[in-house]
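Structure record follows, encoded as structure tokens.
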Amino acid sequence: MTYCLALKLGEGLVCLSDTRTNAGVDNVSKYRKMFTWELPGDRSIVMMTAGNLAITQAVMSLLQENIDTPESGIETLFTAPSMFRVAEIVGDAMRVVQNRYGPGLSAMGESAVSSIILAGQRAGGVPRLFHIYSAGNFIEATEDTPYFQIGEHKYGKPILDRVITTETPLETGITAALLSMDSTLRSNLSVGMPLDLAVIKADEIGVVHQRRIEENDPNFLHLSDSWSSALRNAFAEMVGIRV
């Protein structure tokens, strides 16, 4: 299981993912689920993955291979004229991989279901956010739905619903994303540290902030403890209310 989320705000894009793929008593595996591509001054792209790990790794590898060894007539993440076209390219790669491996996985009783969050900006365009499905089709974030989640999303959704709009400041969005992840970490063992965070600021055409947050990160621990304390205090104030 996994949890990845991305916010589309007026000031830019916030992307956050965990790194756990398997959780058990004595078996914990961690894999990076966030991938970034940049052409300074031209485009910045962030992707996060969930679902069948072999499928999503193959999609990421195919996209990178097309960049490293370009073939005539094949558009890549670095040559696409728009973020919409980037989403189509990622969707095409998903279909290729699903058609190649999906039937075999199904025959073995394994699920090939996978999904990708794509966030980025092209020079001359606005920041855009897409959710790409196993079939290669996708939807785009709008003012009505300014964020996407993939994986174990239910625990982290309430705070996003209450806080996030397209007018939310970037710093507030980062805090909301981290608290959404903290709620999920506390409620589901299959989502785990460390975390990967990437922020794209509108019109700067680049990942202005990218870091890995380890389990003992003092800032994240302080944020988590402060949120728990605030919730307990808010609950205590609610106890006397009669309905």
query = Sub-3.5 Å donor-acceptor pair from the side chain of S106 to the main-chain atoms of G102, do we have one?
reply = yes
query = Out of curiosity, R128 CZ to T142 OG1, how far, rounded to the nearest 0.5 Å?
reply = 12.0 Å
key: Atom pair CD (Q121) and CG (D203), whose distance is rounded to the nearest 0.5 Å   = 5.0 Å
Atom of N52, atom of A54 and distance for their closest heavy-atom approach = OD1-N, 3.0 Å
query = Is R122 salt-bridged to D42, cutoff N-O under 4.0 Å?
reply = yes
ask   = Just how far is it from atom NZ of K33 to atom CG of L16, taken to the nearest 0.5 Å?
value = 11.0 Å
note = Closest non-hydrogen contact found for G41 with I205 is C-CG2, 3.8 Å
ask   = Got a donor-acceptor contact below 3.5 angstrom from the S17 side chain to the R32 backbone?
value = no
request  = Count the heavy atoms of every other residue, nucleotide or ligand shown that sit under 6.0 Å from CD of E167, and state whether that count exceeds 12.
outcome  = no
Heavy-atom side-chain contact between K157 and Y147 under 4.5 Å = yes
message = Tell me whether I89 shares a hydrophobic cluster with V96, the cluster being built from Ile, Leu, Val, Met, Phe, Trp, Tyr side chains joined at under 4.5 Å.
response = yes
message = Hydrophobic cluster membership, with links at side-chain heavy-atom distances under 4.5 Å among I/L/V/M/F/W/Y: are L105 and V59 in one?
response = yes
query = Are E11 and K201 ion-paired here, with the side-chain N under 4.0 Å from a carboxylate O?
reply = no
inquiry  = Whether the side chain of S61 engages the backbone of Q57 through a donor-acceptor N/O pair (distance < 3.5 Å, no angle test) should be reported.
reply    = yes
query = Any side-chain heavy atom of S224 sitting closer than 4.5 Å to one from R186?
reply = yes
inquiry  = Working note: F35 + T49, criterion side-chain contact (heavy atoms from CB on, under 4.5 Å); need CA distance, chi angles, decisive distance, verdict.
reply    = CA-CA 9 Å; F35 304 84; T49 64; 4.1 Å; yes
remark   = A58 and V97 have their tightest heavy-atom pair at CB-CG1, 3.7 Å
ask   = For the hydrophobic clusters of this structure (ILVMFWY residues joined by side-chain heavy atoms under 4.5 Å, transitively), does one cluster hold both M47 and V14?
value = no
inquiry  = Could you check whether any side-chain heavy atom of T36 comes within less than 4.5 Å of a side-chain heavy atom of I45, counting everything from C-beta outward?
reply    = no
ask   = Please walk me through it: do L5 and M181 pass side-chain contact (heavy atoms from CB on, under 4.5 Å)?
value = CA-CA 8 Å; L5 70 152; M181 181 65 75; 4.2 Å; yes
key: Straight-line distance of L185 CG to E215 CD, nearest 0.5 Å   = 9.0 Å
request  = Mind checking ring pair (Phe, Tyr, Trp, His ring centres under 6.0 Å) for F84 and listing every partner two or more places apart, or none if nothing turns up?
outcome  = F138
task = For the residue pair T19 and R212, confirm or rule out a side-chain donor-acceptor distance under 3.5 Å.
result = no
Modelled atom types, side-chain donor and acceptor of Q64 and D68, under 3.5 Å = yes
query = So, do L118 and V86 sit near enough that their side-chain heavy atoms are less than 4.5 Å apart?
reply = yes
key: Side-chain heavy-atom pair E237, V239 within 4.5 angstrom cut-off   = no
inquiry  = If I compare all heavy atoms of A177 with all of L7, which pair ends up nearest, and what's the gap?
reply    = CB-CD1, 4.3 Å
inquiry  = Could you measure the distance from the OG1 atom of T184 to the CD1 atom of I159? Nearest 0.5 Å is fine.
reply    = 10.0 Å
note = Across all chains, not counting sequence neighbours, the salt bridge (charged side-chain N to carboxylate O under 4.0 Å, His left out) partners of R100 are none
task = Using distance alone, with no hydrogens and no angle criterion, decide if N66 and T76 have a side-chain donor and acceptor under 3.5 Å apart.
result = no
key: Validation row: T166, L9 side chains within 4.5 angstrom (heavy atoms)   = no
request  = Decide whether Y155 and D182 meet the rule of one side-chain donor and one side-chain acceptor closer than 3.5 Å.
outcome  = no
key: M60 side chain near I116 side chain, heavy-atom distance below 4.5 Å   = yes
key: Cluster check V113, L53: I/L/V/M/F/W/Y, side chain < 4.5 angstrom   = no
query = So do L195 and F220 actually touch side chain to side chain, heavy atoms under 4.5 Å?
reply = yes
ask   = Side chains of D18 and T2: do they bring a donor and an acceptor to under 3.5 Å?
value = yes
ask   = Does F148 sit in a hydrophobic cluster with other residues, and if so which ones, taking ILVMFWY side chains as linked at heavy-atom separations under 4.5 Å, directly or through other members?
value = L13, M34, V46, M48, I117, L129, Y133, I139, I150, I200, V207
message = Could you see if W37 belongs to whatever hydrophobic cluster contains V90? Use Ile, Leu, Val, Met, Phe, Trp, Tyr and a side-chain cutoff under 4.5 Å.
response = yes
inquiry  = So for atom CZ, which belongs to F78, do other residues, nucleotides or ligands contribute more than 12 heavy atoms lying within a distance under 6.0 Å?
reply    = yes
message = I'd like to know if the side chain of T79 and the backbone of L77 have a donor-acceptor N/O pair within less than 3.5 Å.
response = no
Whether S229 side chain and D225 backbone form a donor-acceptor pair below 3.5 Å = no
query = Taking it one step at a time, do I213 and M193 satisfy side-chain contact (heavy atoms from CB on, under 4.5 Å)?
reply = CA-CA 8 Å; I213 302 171; M193 304 285 278; 4.1 Å; yes
query = What pair of heavy atoms forms the shortest contact from A202 to G10, and how long is it?
reply = CB-O, 4.0 Å
note = When rounded to the nearest 0.5 Å, the distance separating CD of Q149 from OG of S180 is 5.5 Å
message = With a 6.0 Å cut-off (strictly less than), is the heavy-atom count around CD of E143, excluding the residue itself, greater than 12?
response = no
request  = Assess whether side-chain contact (heavy atoms from CB on, under 4.5 Å) is satisfied between R43 and E38, documenting all intermediate values.
outcome  = CA-CA 6 Å; R43 69 191 66 203; E38 290 187 89; over 6 Å; no
query = Considering all heavy atoms of both residues, which atom of P194 and which atom of E214 are nearest to each other, and what is their separation?
reply = CB-OE1, 3.5 Å
